[in-house]
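One-based numbering, in listed order, for ligands and for the atoms of each.
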Amino acid sequence: MKKNKCNNLSSQQKPYNQRIIRLVQAMGATEIGFSDLSMLPVKKRMGFKRGISVIIKLSNGILNQIEDEPTQTYFNHYRSVNRLIDDICLRILLELEADGYPGVAIATSQSVSDPKDQFTGAFQHKTAAVLSGLGWIGRSALFIHQRYGPRVRMGTILTNAPLIVGEPVTESACGSCRACVKACPAMAIEGRIWEPGMPRNELYDAYSCSQHMKEAFHHIGRGVVCGLCVVACPIGK
Ligand code: SF4
Ligand code: SF4
């Protein structure tokens, strides 16, 4: 796994990164990543060149209670973590704007109405996280943090602030593992190994996943969570 370049710099070289790092640590984030988004289409990155990924690790105690369906506790935890990430992203955004760097904070679960893809977000958090060097995309199409696996939630801030960026991850580390493929009750995971630029639908069928959650797990959080591919993954267990 390639290291985030930020980790190799002296404190004199990364003052702005350090300021943001201190802020998110004080607010309870598990990790932060900095990415160069300039290779993405301008519209997709909303004209901004840098991404800040805010990551919070989910509770192992809560995830470990999931067996063959999500739990109400997991649903509540999922929402609480999303709220905390959104608060942290807002604080960072306000700091950046106070310093003269307008930006956009992408909420953890913000979806947009796109006629071509009803399951897409305003910006893909996992794109920024992979470009920041924190992990890769698993066979499950989930972001797989190099240490915590898919047991994380994320938010993103788009900015033009002068940030030192990480080195993108360009290879999957799933290897021969297929645990998520076997665990998915909707058979929504195709089982392919991710490569940079691969469309999501070559990895998994978002419609089948969503339909299964709505039909099988409607009694838990109205069918918006599942978590079976998360808990099946050996990374971060
Ligand atoms: S969330 Fe559940 S249904 Fe969707 S891909 Fe993962 S295991 Fe399958
Ligand atoms: S369960 Fe295995 S194949 Fe699926 S994302 Fe995790 S490491 Fe990759």
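- Protein atoms that are N, O or S and lie under 2.8 Å from atom 6 (Fe) of ligand 2 are these: Cys233 SG.
- Glu171 approaches Trp136 most closely through the heavy-atom pair O-CB, 3.7 Å.
- Criterion: ILVMFWY side-chain heavy atoms under 4.5 Å apart, direct or through other members. Under it, Val231 and Ile62 are part of a common hydrophobic cluster.
- Relative to the six-membered ring of Phe34, Arg50 misses at least one condition, a distance below 6.0 Å or an angle of at most 45° to the axis.
- A side chain to side chain contact (heavy atoms under 4.5 Å, CB included) with Ile52 holds for exactly one of Leu93, Leu158, Thr156, Leu96; it is Leu96.
- Separation of the Phe123 and Phe48 ring centroids does not fall under the 6.0 Å cut-off.
- Cluster annotation: Ile193 and Ile144 are assigned to distinct hydrophobic clusters (Ile/Leu/Val/Met/Phe/Trp/Tyr, side-chain heavy-atom contacts under 4.5 Å, transitive).
- At the shortest separation from atom 4 (Fe) of ligand 1 among protein heavy atoms lies Cys209 SG, 2.4 Å.
- A salt bridge links Glu95 to Arg19: one of the charged nitrogens lies within less than 4.0 Å of a carboxylate oxygen.
- If you number the atoms of ligand 1 from 1 as listed, the ones under 4.0 Å from a heavy atom of Pro185 come out as 7 (S).
- Short contacts between ligand 1 and Cys226, defined as distances under 4.0 Å to a heavy atom of the residue, involve ligand atoms 1 (S), 2 (Fe), 7 (S).
- The two atoms that bring Trp194 and Ile137 nearest to each other are CB-O, 3.1 Å, heavy atoms only.
- Close approach of ligand 1 to Cys184 (heavy-atom distance below 4.0 Å) involves ligand atoms 3 (S), 5 (S), 7 (S), 8 (Fe).
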